[in-house]
Protein chains: 2
Amino acid sequence: MTQLPSFLDEPDDTRGAIMKATYDALCKHGYSDLTIQRIGNEFPKSKSLLYHHYDSKDDLLLDFLEFMLAELEGQMPAYRDRSADEHIADIIDRTFAFGSTENNPHFTQALLELRTQAAHDEAYREYFTRSDRFVRKHVAHTIQSGIEQGVFQEVDPQETAALFQIVFVGTMTQRVTSDDDDVLRAGRAMFDQCLRARLLRPE
Amino acid sequence: MTQLPSFLDEPDDTRGAIMKATYDALCKHGYSDLTIQRIGNEFPKSKSLLYHHYDSKDDLLLDFLEFMLAELEGQMPAYRDRSADEHIADIIDRTFAFGSTENNPHFTQALLELRTQAAHDEAYREYFTRSDRFVRKHVAHTIQSGIEQGVFQEVDPQETAALFQIVFVGTMTQRVTSDDDDVLRAGRAMFDQCLRARLLRPE
DNA sequence: ATATACTGACTGAATATTCAATCAACTCCC
DNA sequence: GGGAGTTGATTGAATATTCAGTCAGTATAT
């Protein structure tokens with residue numbers, strides 16, 4: 001039942017099709033073995049067409065990165081009418097479910113492969129720095145609300161969000177690069193306990 | 001003052017020299033742009049010699065991975081005669097210092113680049129799965145001691161070690177792939193607080 | 001008929017790998 | 001002790017493959 005992310009299913013426009021092809025090729029071969037040829041192979045149209053829509057391989061991949069980050073940010077759950085602790089619980093759920101067998105493991109893999117390029121590529125690093133900030137702001141804001149609502153103790157929202165960020169990328173990296181599936185389950189259990197101990201207001 | 005890791009300084013044997021050359025080339029160009037030619041450029045001897053010692057590029061890189069993991073495991077601080085909470089504090093220190101500007105940022109970068117290959121390379125994944133287990137066992141053992149010594153509350157050592165693992169890879173990934181240097185500082189502050197709240201026995 | 005989407009064949013550069021040939025050291029026999 | 005054979009380290013040049021990018025031209029839709 002592990003299917004293609006919906007946002008890539010049956011793309012109608014050419015760009016969508018190219019994104020899907022890139023996604024498939026990236027998952028199949030990994031970033032370091034990702035070639036225009038291989039993207040072309042996953043693409044219903046011809047390889048040359050890619051150059052009709054993009055100036056270069058770099059150009060294409062940068063657009064793909066933008067596409068992926070937009071999707072990631074779009075997955076951020078809306079605050080809506082829940083209480084802050086329910087919302088935080090949801091975020092934790094999603095953090096640890098991110099990339100699990102039921103939920104697009106390949107999306108996570110692709111994202112990590114892109115992310116690692118940031119080690120050497122200035123442009124990539126800027127994208128991720130920006131995207132991280134967006135996510136952290138969202139989390140910090142939720143924490144802040146929780147404090148105001150009186151459900152959380154008085155913690156520093158920025159620092160808390162930063163820890164969430166670290167745990168998020170840690171989960172992602174761990175899931176994609178290790179076979180040991182118990183680490184995430186166990187780590188989450190302890191993370192829950194720790195957060196409860198520090199964050200939740202005793203009733 | 002950010003110098004070469006000592007374990008790569010002035011290698012006397014050929015293998016050591018190849019490892020150093022590979023390390024240098026990897027840091028300089030990144031995994032996806034790592035070529036035999038470039039390794040050869042960092043190598044005092046000729047490029048062809050690499051094939052005398054290794055069957056293929058893959059073969060060489062796999063040996064390099066083994067080399068790096070051995071080094072990583074060797075960096076694990078010894079328990080010695082300290083109390084468990086001092087030792088844990090040391091581990092946290094090292095976790096968040098890992099790859100910081102003073103401490104071989106390139107080593108961390110290289111390690112992450114290798115690690116990401118595990119996403120689509122079975123052999124790499126096995127190596128990291130094993131290495132992770134080694135580190136977790138060490139941490140779990142320390143926690144266990146702490147509980148027996150009465151300095152820690154009764155937590156599950158496996159779960160605690162798992163959280164350490166996630167935070168460790170998260171720190172590593174974050175440091176290498178983002179420009180925002182405050183995340184680690186802030187995340188650590190909150191992690192300290194959370195751990196204290198859950199782990200430390202109130203005096 | 002014009003522009004836009006699209007294709008398959010092609011190219012030069014880069015890349016991994018191989019090869020034929022030195023060279024230095026070591027062994028073994030007399 | 002010294003020559004003859006063996007082995008491993010080393011090299012520069014050669015080979016086969018892969019890759020990003022181009023181009024001349026075909027289809028298609030307006």
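Just so we're on the same page: letters track the sequence lines, and every chain starts at 1.
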Pick out the pairs of N or O atoms, protein on one side and nucleotides 5-13 of chain D on the other, that lie under 3.5 Å.
residue, atom, partner, partner atom, Å
D/dA9, OP2, B/H52, ND1, 3.2
D/dA9, OP2, B/H52, NE2, 3.4
D/dT10, OP1, B/K45, NZ, 2.4
D/dT11, OP2, B/S46, N, 2.3
D/dT11, OP2, B/S46, OG, 3.2
D/dG12, N7, B/S48, OG, 3.1
D/dG12, O6, B/S48, OG, 2.8

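Annotation: proximity of residues 55-63 of chain B to DNA chain C (heavy atom, distance under 4.0 Å) is found for B/S56, B/K57, numbered in ascending order.
Per the geometry, CG belonging to A/D13 stands 12 Å off P belonging to C/dA5, to the nearest Å. Between the NE2 atom of A/H29 and the C1' atom of D/dT18 there is a distance of 14 Å, given to the nearest Å. As a whole-Å value, the separation of A/R38 CZ from D/dT17 P is 16 Å. A straight line from CD of A/Q37 to P of C/dC10 spans 15 Å, rounded to a whole angstrom. Here the C1' atom of nucleotide C/dA5 and the OH atom of A/Y54 are 15 Å apart, to the nearest Å. A/I39 has its CD1 atom 12 Å from the P atom of D/dC19, to the nearest Å. In this structure, the CG atom of A/D33 is 14 Å from the P atom of C/dT15, given to the nearest Å. A/N41 has its CG atom 12 Å from the P atom of D/dT18, to the nearest Å.
A salt bridge between B/R125 and B/D121 is absent, with no side-chain N of the basic residue lying under 4.0 Å from a carboxylate O of the acidic one.
Shown are A/E113, A/H29, A/K28; of these, the side chain to side chain donor-acceptor pair (under 3.5 Å) with B/H120 is made only by A/E113.
For the 3.5 Å distance criterion, the side chains of A/R198 and B/Q193 qualify, holding a donor opposite an acceptor. No hydrogens or angles considered: nothing links the side chains of B/S178 and B/D180 as a donor-acceptor pair under 3.5 Å.
Using a 30° and 60° split on the angle between ring planes, A/F164 and A/F191 fall in the perpendicular class, above 60°.
Proximity of a side-chain donor or acceptor of B/R136 to a complementary backbone N or O of B/Q165 within less than 3.5 Å is not detected.
Across every non-hydrogen atom of B/S32 and A/Q117, the tightest pair is OG-OE1, 3.3 Å. Contact record, A/P157 with A/Q144: CG-OE1, 3.3 Å, taken as the closest heavy-atom pair. Taking both residues in full, the closest heavy atoms of A/L69 and A/S131 are given as CD2-OG, 3.7 Å, listed atom of the first, atom of the second, then distance.
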